[in-house]
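Reading through the structure tokens given below for one structure.
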Amino acid sequence: MHLDTSPAASPTAHDSPFHHDVLAGLRHTPKYLPSKYFYDERGSQLFDAICDLEAYYPTRTEMGIMETFIDEMAARIGPRAVLAEFGSGSSLKTRILLDHLSSPAGYVPIDISHEHLLKSAMRLAARYPRLPIHPISADYTTDFALPHIDEAAHVVAYFPGSTIGNFEPDEAALFMTRIAQLVGPGGGLLIGVDLQKEHAVLERAYDDPEGVTAAFNLNLLARINRELEATFDLEAFAHRAFYHAVEGRIEMHLESLQTQCVTIGDALIAFEAGETIRTEYSYKYTVPQFAALAAHAGFDVERVWTDERSWFSVQYLVARS
């Protein structure tokens with residue numbers, strides 16, 4: 001079993017950037033919390049449950065695209081590639097790729113949730129005993145180095161799902177510029193991009209009837225309580241999700257149901273009744289809009305695969321020299 005955990009540096013529960021970012025966001029006007037902190041172990045489990053919901057179309061639609069066009073995708077990636085997955089999660093889609101790649105040189109899953117990452121990496125190591133696996137526990141929006149693998153012909157980043165939509169467009173361009181630098185000239189990026197569609201479809205996907213997305217959103221407050229000695233009453237906040245047509249994005253918020261004060265360690269945060277904490281943006285693109293964003297980041301779009309309804313796309317980009 002070729003599982004190398006040495007590159008991983010586990011973030012601690014009392015990580016100072018988490019504390020700093022939470023206080024900075026809640027002292028801002030309007031209040032916000034970075035969506036990357038959704039993914040503690042419980043948050044990762046809840047997101048996996050969201051992906052199985054009937055209302056949440058992105059996962060099954062993207063899986064369908066991959067199953068239909070996987071041979072074309074594998075051919076674009078080519079032999080002896082190192083596959084570096086950003087936000088590896090449960091790696092379900094990754095198995096489809098690994099099953100079809102020609103002699104992959106290695107797999108590098110990168111995820112902020114350390115325990116979830118290692119469990120996923122162990123499962124993949126058991127399934128692919130000859131594949132070198134190098135998990136990296138890191139915030140993939142920051143700078144980090146990939147391990148050197150002698151047999152590699154090139155590096156291809158894999159960023160599935162609709163996570164690129166969680167960045168504001170300028171931030172998305174900067175993030176993709178980092179990826180272009182990481183994979184190097186001629187390196188690739190296989191990325192999932194959610195597309196514009198009927199507003200009702202979008203809003204239902206982020207406010208499901210079963211309430212799983214609401215639990216996922218509220219779990220962020222539970223994490224702050226647990227890790228930062230905070231006093232959020234989860235029953236005093238409610239999940240809200242809506243489509244902002246002008247900006248072309250879904251917004252997720254947590255609404256304070258009453259006037260209240262919350263402590264985070266020694267800090268006191270006041271809320272008015274009806275005031276919200278923005279926890280996520282999810283931008284939806286047209287194919288030309290995303291091509292322009294990719295070009296700004298130093299990538300050329302080589303191929304776009306979509307489902308029959310054009311609800312979602314998987315795109316293969318190549319970094320320019």
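Source: prediction; values computed, not measured.
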Check: [X] side chain, [Y] main-chain N or O, donor-acceptor pair, under 3.5 Å:
X	Y	result
Arg320	Ala295	yes
Asn219	Ala222	no
Asp139	Ile112	no
His28	Leu23	no
Gln196	Tyr285	no
Lys197	Leu195	yes
His296	Thr177	no
Ser256	Gln258	yes
Thr286	Gln289	yes
Arg60	Tyr56	yes

Any chance the side chains of [X] and [Y] put a donor and an acceptor closer than 3.5 Å?
X	Y	answer
Asn166	Ser35	no
Ser282	Tyr206	yes
Thr306	Ser313	no
Gln315	Trp305	no
Asp307	Thr61	no
Glu85	Thr94	yes

Which heavy atom of [X] sits nearest a heavy atom of [Y], and at what distance?
X	Y	answer
Ile164	Ala172	CD1-CB, 4.0 Å
Ala270	Glu275	O-OE1, 3.9 Å
Ala105	Ile149	O-CG2, 3.6 Å
Leu257	Ala238	CD2-CB, 3.8 Å
Ala205	Thr213	O-OG1, 4.2 Å
Ile179	Ala157	CG2-CB, 3.6 Å

- request: Decide whether a cation-pi geometry holds between Arg76 and Phe69; the criteria are a distance under 6.0 Å from NZ or CZ to the six-membered ring centre and an angle within 45° of the ring axis.
  value: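 Not satisfied by the 6.0 Å and 45° rule.
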
Nearest 0.5 Å please: distance from the [atom1] atom of [X] over to the [atom2] atom of [Y].
X	Y	atom1	atom2	result
Leu46	Leu218	CG	CG	10.0 Å
Glu115	Asp111	CD	CG	12.0 Å
Leu146	Ile110	CG	CD1	5.5 Å
Asn217	Thr279	CG	OG1	3.5 Å

Is the distance between the ring centroids of [X] and [Y] under 6.0 Å?
X	Y	result
Phe237	Phe232	yes
Phe18	Tyr37	yes
Phe167	Tyr281	no
Tyr57	Phe312	no
Tyr107	Tyr128	no
Phe290	Tyr283	no

Shared hydrophobic cluster, Leu234 / Ile277 (ILVMFWY, side-chain heavy atoms < 4.5 Å):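 Yes, same cluster.
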
- request: Could you tell me whether the side chain of Pro135 reaches within less than 4.5 Å of the side chain of Val108, counting heavy atoms only?
  value: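 Val108 does not reach Pro135 side chain to side chain.
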
task: Carefully, step by step, assess Asp194 and Arg249 under the rule salt bridge (charged side-chain N to carboxylate O under 4.0 Å, His left out).
output: CA-CA 10 Å; Asp194 202 5; Arg249 70 190 181 208; over 6 Å; no

task: Go through the steps for His253 and Phe242 under the test ring-ring contact (aromatic ring centres under 6.0 Å, His included), then give the verdict.
output: CA-CA 9 Å; His253 294 254; Phe242 58 89; 5.4 Å; yes

- prompt: Who pairs with Asp143 by salt bridge (Lys or Arg N to Asp or Glu O under 4.0 Å), at least two apart in sequence or on another chain?
  reply: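 For Asp143 the salt bridge (Lys or Arg N to Asp or Glu O under 4.0 Å) partners, ignoring immediate neighbours, are Arg178.
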
Residues in ring pair (Phe, Tyr, Trp, His ring centres under 6.0 Å) contact with His199, at least two apart in sequence or another chain: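 With sequence neighbours excluded, His199 shows a ring pair (Phe, Tyr, Trp, His ring centres under 6.0 Å) to Tyr243, given in chain and number order.
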
query: Any ion pair linking Glu67 and Lys93 (charged N to carboxylate O, less than 4.0 Å)?
result: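 The answer is no: the pair does not qualify as a salt bridge.
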
- request: Salt-bridge test for Glu251 and Arg240: reply yes if a basic N is under 4.0 Å from a carboxylate O, no otherwise.
  value: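 Not counted as a salt bridge, because no side-chain N and carboxylate O are separated by less than 4.0 Å.
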
- request: Apply ring-ring contact (aromatic ring centres under 6.0 Å, His included) to the pair Phe38 and Phe216, showing each step before the final yes or no.
  value: CA-CA 7 Å; Phe38 278 135; Phe216 174 71; 4.4 Å; yes

field: Contacts of Asp150 that satisfy side chain to side chain donor-acceptor pair (under 3.5 Å) - sequence neighbours left out
entry: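 Scan of Asp150 (side chain to side chain donor-acceptor pair (under 3.5 Å), adjacent residues dropped) gives His148.
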
